[in-house]
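Working notes, beginning with the structure itself.
When a residue number appears, it is its place in the shown sequence, counting from 1.
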Amino acid sequence: MASIMEMPKLSDTMKEGSIAKWLKKEGDKVSSGQPIIEIETDKATMEYEATASGILLKILVGDGGKCPLQSPIAVIGKADENWQEALEKYQIKKTPAPKNTEAPSKTQTAPSAPATTKENNSSGATSDVIKASPLAKKIAAEKGINLESIQGSGPNGRIVQRDIESVQTNSGVMESKTFTNAVEKIPLTNMRKTIASRLKDSLNTAPHFFLSISINMDNLLQWRQQVIAKLPPEKKFSVNDIIIFLTSRALKAHPEVNSSWKDEFIEQYKYVHMSMAVALPNGLITPVIRNADSLNIFEIATESKRLVKIAKEGKLQPNDYSGGTFSISNLGMSGIEDFTAIINPPQAAILAVGSTLPTPVVKNNGEIGVEQRMKVTLSCDHRVIDGAVGSEFLKTLKTMFEDPMSALFFF
């Protein structure tokens with residue numbers, strides 16, 4: 001019997017899926033487990049395998065189409081099978097019995113289309129005619145003006161000639177018409193919808209507070225230059241790799257920050273799965289470097305490059321972006337000096353990293369000097385992290401950054 005292929009749930013936050021591209025066409029032979037479709041989730045575009053072997057009898061949702069989870073997207077079966085009959089049986093099986101079989105009231109009618117014009121009738125009641133003088137209507141018709149967008153200044157809000165003239169530019173071209181034509185409605189991707197929902201929930205649920213600190217980067221930058229000068233190109237690591245490396249070590253020293261709020265308890269992790277924010281054309285994704293606290297700087301650099309590459313190619317798998325315990329968002333490379341970031345739930349904190357800039361400072365001896373300084377801001381969920389805990393974490397982080405070798409002495 002023909003098999004119905006459904007829209008799968010490919011991430012824990014996915015509510016609907018979009019068909020990016022079918023890799024097979026109707027009539028093609030497919031095998032169970034063979035990739036036949038690319039599905040856009042709220043996280044990435046992923047290949048998905050056929051759920052049965054046979055002929056792809058019918059594609060129910062084409063390229064670019066969207067549908068809820070577990071909705072039918074294709075029918076697979078034998079060449080001589082009737083796909084419509086198989087779909088009908090599937091729908092009958094999936095349709096729950098109605099809880100209330102009472103027929104709808106005959107008095108219920110479809111809502112009438114919204115009125116597009118308004119006018120006062122002789123009794124003073126409002127009817128569906130525009131409230132405008134004949135001259136105003138004539139001028140509006142000649143100029144291509146939409147009267148619905150104009151607030152009348154005449155008696156009872158009636159649109160008169162001066163209202164038409166007041167919305168025209170000196171050149172006689174209607175601004176409102178130009179603006180209307182200049183507006184572009186950009187459809188929301190699943191990723192953008194999920195970002196909006198999760199970050200709104202984060203701000204509304206987690207009481208955020210922010211702690212900032214300025215770090216002297218002179219020693220770290222000099223140390224990196226000395227090290228990478230002796231390395232082959234494939235072994236070189238970035239400042240961001242060092243930030244991930246040292247932050248993961250600081251989290252081991254302050255496990256309270258490497259935690260999540262779980263309503264009835266706080267979940268504190270004994271490992272550091274570091275989420276790093278990566279900007280994509282259609283949104284933001286946070287691939288995860290797993291067990292970052294046990295990786296050396298070269299392993300972190302390799303994994304970071306791999307994750308960024310497949311994120312930009314849209315090939316992240318669920319294991320690549322799920323399960324993070326702490327996040328880093330680095331906009332320093334974009335020239336941003338400092339900023340605050342929204343916590344990535346269910347994590348309890350995120351570190352926002354700004355640019356490293358030459359900064360005038362007063363030295364311990366009272367003299368004025370210049371240091372390469374970087375400002376970082378820790379966003380904390382106050383349900384999990386108190387100010388003193390967050391401050392101690394940043395103090396440790398500052399010590400490690402200003403003396404990278406000191407990280408070796410914390411464990």
> Going by heavy atoms in the side chains, are Glu47 and Leu23 under 4.5 Å from each other?
Replying inline: yes
>> Before you tell me yes or no, could you show the steps for Glu256 and Val384 under side chain to side chain contact (heavy atoms under 4.5 Å, CB included), namely the whole-Å CA-CA distance, both residues' side-chain angles and the distance that decides it to 0.1 Å?
In response: CA-CA 8 Å; Glu256 306 95 328; Val384 180; over 6 Å; no
> Taking everything shown except Gln268 itself, do over 12 heavy atoms lie less than 6.0 Å from its CD?
Replying inline: yes
>> Among Ser275, Ser202, Ser260, Ser259, which residue satisfies the side chain to side chain donor-acceptor pair (under 3.5 Å) criterion with Gln347?
In response: Ser275
> Is there a donor-acceptor pair closer than 3.5 Å between any side-chain N or O of Ser212 and the backbone N or O of Thr377?
Replying inline: no
> Can you tell me if Gln225 uses its side chain to pair, donor with acceptor, with the backbone of Gln222 under 3.5 Å?
Replying inline: no
>> Quick check: do Pro207 and Asp381 have side-chain heavy atoms less than 4.5 Å from each other?
In response: yes
> So Phe237 and Trp223, would you call those rings parallel, tilted or perpendicular, with 30° and 60° as cut-offs?
Replying inline: tilted
> Would you say Ser327's side chain and Met276's backbone share a donor-acceptor pair under 3.5 angstrom?
Replying inline: no
> Closest approach of Leu147 and Ala140, non-hydrogen atoms and distance?
Replying inline: CD2-CB, 3.6 Å
>> Please report the interatomic distance OG(Ser71) to NZ(Lys66), rounded to the nearest 0.5 Å.
In response: 14.0 Å
> Do the side chain of Asn291 and the main chain of Ser294 share a donor and acceptor less than 3.5 angstrom apart?
Replying inline: no
> Would a distance-only check, ignoring hydrogens and angles, find a side-chain to backbone donor-acceptor pair under 3.5 Å from Asp218 to Gln372?
Replying inline: yes
> Is the backbone of Pro358 close enough, under 3.5 Å, to the side chain of Arg373 for a donor and an acceptor to pair up by distance?
Replying inline: no
> Does atom NZ of Lys305 have more than 12 heavy-atom neighbours from other groups under 6.0 Å away?
Replying inline: yes
> So does Arg224 pair up with Asp241, basic N to acidic O under 4.0 Å?
Replying inline: no
> Quick one: does Thr340's side chain get under 4.5 Å of His208's, heavy atoms only?
Replying inline: no
>> I'd like to check Asn319 versus Arg290 (side-chain heavy atoms, cut-off strictly below 4.5 Å). Are they in contact?
In response: yes
> So, Thr247 side chain and Ile243 main chain: donor-acceptor pair closer than 3.5 Å or not?
Replying inline: yes
> Do Met400 and Phe245 pass the side chain to side chain contact (heavy atoms under 4.5 Å, CB included) test, and can you show the C-alpha distance, the side-chain angles, and the key distance before you say yes or no?
Replying inline: CA-CA 10 Å; Met400 291 182 174; Phe245 176 84; over 6 Å; no
> Where does the angle between the aromatic ring planes of His254 and Phe393 fall among parallel (under 30°), tilted (30 to 60°) and perpendicular (over 60°)?
Replying inline: perpendicular
> Do other residues, nucleotides or ligands put more than 12 heavy atoms under 6.0 Å from the CD atom of Glu367?
Replying inline: no
> Are the side chains of Leu87 and Leu60 in touch, meaning some heavy atoms are under 4.5 Å apart?
Replying inline: yes
>> Strictly distance-based, threshold 3.5 Å: is any side-chain N or O of Asp63 a donor or acceptor partner for the main-chain N or O of Ile19?
In response: no
> Trp22 and Ala74: which non-hydrogen atoms are nearest, and at how many Å?
Replying inline: CH2-CB, 3.5 Å
> Does a sphere of radius 6.0 Å around NZ in Lys236 hold more than 12 heavy atoms from other residues, nucleotides or ligands, not counting ones at 6.0 Å or beyond?
Replying inline: yes
>> Can you confirm whether Glu40 sits close enough to Thr45 that some side-chain heavy atom of one is under 4.5 Å from a side-chain heavy atom of the other?
In response: yes
>> How close do Ile285 and Ala311 get, counting heavy atoms only, and between which atoms?
In response: CG2-CB, 4.1 Å
>> How close do Ile37 and Met5 get, counting heavy atoms only, and between which atoms?
In response: CG2-CE, 4.0 Å
>> So, taking the atom named CG in Leu57 and the one named CH2 in Trp83, what distance separates them when rounded to the nearest 0.5 Å?
In response: 9.5 Å
>> Please find the pair of heavy atoms, one from Val272 and one from Ser248, that lie closest to each other, and give the distance.
In response: CG2-O, 3.8 Å
> Is the closest side-chain heavy-atom distance between Asn344 and Arg198 below 4.5 Å?
Replying inline: yes
>> Looking at Lys252 and Lys270, would you say the former's side chain and the latter's main chain have a donor-acceptor pair under 3.5 Å?
In response: yes
> Does some side-chain heavy atom of Glu49 sit less than 4.5 Å from a side-chain heavy atom of Gln34?
Replying inline: no
>> Between Leu307 and Asp320, does the side chain to side chain contact (heavy atoms under 4.5 Å, CB included) criterion hold? Intermediate values first, please.
In response: CA-CA 7 Å; Leu307 289 170; Asp320 293 323; 4.1 Å; yes
>> side chain to side chain contact (heavy atoms under 4.5 Å, CB included) for Ile39 and Met46? Distances and angles first, verdict last.
In response: CA-CA 5 Å; Ile39 296 175; Met46 302 169 57; 5.7 Å; no
> Atom OG1 of Thr356 and atom NZ of Lys375: how far apart are they, to the nearest 0.5 Å?
Replying inline: 12.5 Å
> So does Asn364 have more than 12 non-hydrogen atoms from other groups sitting under 6.0 Å from CG?
Replying inline: no
>> Restricting to non-hydrogen atoms, name the atom on Ala79 and the atom on Ile55 that form the minimum distance, rounded to 0.1 Å.
In response: N-CG1, 4.0 Å
>> I need the Lys24 NZ to Glu26 CD distance, nearest 0.5 Å.
In response: 14.0 Å
> Does the pair Glu371/Lys363 count as a salt bridge with the N-to-O cut at 4.0 Å?
Replying inline: yes
>> Counting only heavy atoms from other residues, nucleotides and ligands, does the tally under 6.0 Å from NZ of Lys25 exceed 12?
In response: no
> With the threshold set at 4.0 Å, does a side-chain nitrogen-carboxylate oxygen contact exist between Asp80 and Lys78?
Replying inline: no
>> Closer than 3.5 angstrom, by distance alone: can the side chain of Ser304 be matched with the main-chain N or O of Ile300 as a donor-acceptor pair?
In response: no
>> I need the Asn204 CG to Leu199 CG distance, nearest 0.5 Å.
In response: 11.0 Å
>> Using 0.5 Å steps for rounding, measure from the CD atom of Glu267 to the OH atom of Tyr269.
In response: 4.0 Å
